[in-house]
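Labels below follow one simple rule: chain letters A, B, ... track the order of the sequence lines, proteins then strands, and each chain is numbered from 1.
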Amino acid sequence: MPELPEVETCRRIVESELAGLTVVRTEVRLPKLLRFSEIPSLQAIEGRQVLGARRRAKLMIVDFSGDLTLIIHFKLAGQLSVHRPTGRRITAGHPVPNPDGPYPHKSTHIDILFDDGSIAYLSDIRQFGWLRLMPSDRVDAEIAAYAFGPEAFGNERITPEQLRRSLLRRSIPVKLALLDQGLVAGIGNIYADEALHRARIHPGTPANLLSKPATARLWEGIGWALERGIEQGGASIVHQKAYPVDGFPAVHGREQEACPVCGTPIKKITVGTRGAYYCPRCQKKRTRAHPAAKPAPESPG
DNA sequence: TGCGTTGTTTCACC
DNA sequence: CGGTGAAACAACGC
């Protein structure tokens, strides 16, 4: 499920593997993926050079020469796989189809062929993702329409103060607040669970009841989880089951497995409409340091 | 085979 | 007007 770390990994792949190359041919077997696209065909990028790639929230933004820009949303199951003429493959996003198997695959809907023989394959087993090709000067307005909040990671990253202010204005479960792209942009279900576990916060805690130290831990937890995810090139979750690397993810997709911190079996509950994995021992529903240690009644006057 | 899955949008309701 | 919660939607695998 491509969230910020998976999309960021894709972005880096485009930057390091494709920037400078020229598109010689495109193959679109599922035109529906371009259903929201101002320019309805990828033919317009043939003959154009890849200039670079940006990211905003979970969107990947690829700039081409000739003032064309392609915005990609991977949604649940998008995948980018770049195949070099040497046979080397670099893959990120959803782990299905198997990156080591044959391409194009049944779910590989788009091929982009480059002048050096490299091919970029875009796959999407769920077909929920989309691509929008447009003149580059439309991109800012396109992104502005999403009303994204500050980034969860990177240069424009949300500050601890911004996070605290935003959370104080919401009474919804903190996990849902983290998923609100208008509050902070880029976090999805996996990294929300991981950040909350790292911060030792119960996912159902009303956002405005988090203590200041808890909010500070959460801010750090967000950064830690996203960084860890990027470091690993994204998390691998297949059919709600995690395939952790070095103990990460710690809780998401790991129901009944032992919490890596305390060994307690991980629980799965529903928060809002979302599955939430957490450790019932590390993440208790208390955020005030000492709820009972408040004996001093105020004198009436 | 109906259910679960996610990001996003929409809508009724305070 | 804005926050909330619920539902709908896309398509697929199990």
Atom pair distance, as rounded to whole Å: CG in A/Leu183 and P in B/dG7: 15 Å
Between C/dG3 (C1') and A/Asn208 (CG): distance, integer Å: 12 Å
Do NZ/NE/NH1/NH2 and the carboxylate oxygens of A/Arg25 and A/Glu46 come within less than 4.0 Å? no
From CG of A/Leu179 across to P of B/dT5 the rounded distance in Å is 14 Å
When every nucleotide of nucleotides 4-11 of chain C is labelled 5' to 3' by its protein contacts under 4.0 Å (heavy atoms), B for base, S for sugar-phosphate only, - for none, what sequence of letters results? SS----BB
If you take the centroid of each ring, where Trp contributes its six-membered ring, are A/His202 and A/Tyr278 closer together than 6.0 Å? yes
At under 4.0 Å, does any side-chain N or O of A/His73 touch on OP1 or OP2 of B/dT8? yes
Under 3.5 Å, is there a donor-acceptor pair between the A/Ser81 and A/His83 side chains? yes
Round to the nearest Å and state the distance from A/Asp180 atom CG to B/dT8 atom P. 10 Å
Whole Å only: how far is the NE2 atom of A/His252 from the P atom of B/dG4? 16 Å
Kindly indicate whether a cation-pi arrangement holds for A/Arg217 with A/Trp219, taking the cut-offs as under 6.0 Å to the six-membered ring centre and within 45° of the axis. no
Parallel, tilted or perpendicular: which fits the ring planes of A/Tyr121 and A/Tyr103, with parallel below 30° and perpendicular above 60°? tilted
Starting from P on B/dT8, measure out to CD1 on A/Ile72 and report it in whole angstrom. 15 Å
Could you state the atom-to-atom distance from CH2 of A/Trp130 to P of B/dT9 in whole Å? 9 Å
Rounded to whole Å, please give me the gap between OH in A/Tyr191 and P in B/dT6. 14 Å
Any salt bridge between A/Lys58 and A/Glu6, counting N to O under 4.0 Å? no
